[in-house]
Colleague: 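The structure follows.
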Amino acid sequence: MNRQLSIMILLVAVLGRAHAQTDVYVCVSENGIKEYKNIGTTKGCKKVDLPGITMIPSPPRKSGIQTASAKPSSAPSDFPKVDSGAQKTRDTDRKQILLDEMKTEEQKLAGLKSEFNNGEPERRGDERNFAKYQERTSAMKEDMDRSEKNIEALKREISNLK
């Protein structure tokens, strides 16, 4: 009996906290900052009248429509088809485009590495402040890292074509 009573009290406490707060207050601080709260006990708070929540039920499901999780058994008869020769040409073109992008990215990386000069690029005339030099050096390092990641991604993409 005592256990049932304590379980009931616990349930009532949990359910009491589960309902949504209906009152919303907008409070303006002395600095002019607005805060939205569920209690309006502080100075500068005003209750906000919010419209009620409108819930619209979803339309009933039709039995003939497939759900997103259901896979069709085969492609529809009017689905466009590509012959193998055209697909092979497309794949070859795609591979060539990826190879060209990789070559361009490798050239960019080589240029960045030569300019980076093992972490000690030449200082420019507008970099009298050492912080500007360090900022440019870190930007160059980030560019080199990005180029290396791009090259890795292009290599993965090319290997997936084979």
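Numbers here are sequence positions counted from 1. FYI, side chains are in, hydrogens and waters are out, and symmetry mates aren't considered; it's all heavy atoms of this structure.
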Colleague: Which distance, rounded to the nearest 0.5 Å, do you find between the NZ of K46 and the SG of C27?
Modeller: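 Those atoms lie 11.0 Å apart.
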
Colleague: Got a donor-acceptor contact below 3.5 angstrom from the D83 side chain to the G85 backbone?
Modeller: yes

Colleague: Let me confirm one number: the NZ-CD distance from K155 to E152, rounded to the nearest 0.5 Å.
Modeller: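 Interatomic distance, K155 NZ to E152 CD, rounded to 0.5 Å: 8.0 Å.
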
Colleague: Are T137 and K141 close enough that some pair of their side-chain heavy atoms sits under 4.5 Å apart?
Modeller: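 Not in contact.
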
Colleague: Considering only heavy atoms from C-beta outward, does the side chain of F116 approach that of D143 to under 4.5 Å?
Modeller: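 Sidechains of D143 and F116: no contact.
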
Colleague: So do the side chains of K47 and V24 get within less than 4.5 Å of each other, counting heavy atoms only?
Modeller: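 A side-chain contact under 4.5 Å is absent here.
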
Colleague: Of I151, D145, N150, which is the lone residue that meets side chain to side chain contact (heavy atoms under 4.5 Å, CB included) with E148?
Modeller: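 Testing each of I151, D145, N150 against E148, the sole residue satisfying side chain to side chain contact (heavy atoms under 4.5 Å, CB included) is D145.
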
Colleague: For K34 and V28, work out which heavy atoms get closest and say how close.
Modeller: CG-CG2, 4.1 Å

Colleague: Testing the 3.5 Å rule here: is there a donor-acceptor pair between the side chains of D91 and Q87?
Modeller: yes

Colleague: With rounding to the nearest 0.5 angstrom, report the CG to CG distance, D100 to L154.
Modeller: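 Spacing of CG (D100) from CG (L154) equals 11.0 Å.
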
Colleague: Once rounded to the nearest 0.5 Å, what's the spacing between atom CD1 of I158 and atom CE of M102?
Modeller: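 Going from CD1 on I158 over to CE on M102, the span is 4.5 Å.
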
Colleague: List the atom of I39, the atom of Y25, and the distance in Å for their closest heavy-atom pair.
Modeller: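 The answer is C-CD1, 3.5 Å.
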
Colleague: Under 4.5 Å between any side-chain heavy atoms of M144 and E115, yes or no?
Modeller: no

Colleague: State, to 0.1 Å, how close A86 and V82 come at their nearest heavy-atom pair, and which atoms those are.
Modeller: CB-CG1, 3.8 Å

Colleague: So, for L112 and M140, which heavy atoms are closest and what is the spacing to 0.1 Å?
Modeller: O-CE, 4.2 Å

Colleague: Could you measure the distance from the CD atom of E106 to the CG atom of L99? Nearest 0.5 Å is fine.
Modeller: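 Between atom CD of E106 and atom CG of L99 there are 9.5 Å.
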
Colleague: Output the distance between atom CG (L161) and atom CZ (R94), rounded to the nearest 0.5 Å.
Modeller: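 So the CG of L161 and the CZ of R94 are separated by 5.0 Å.
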
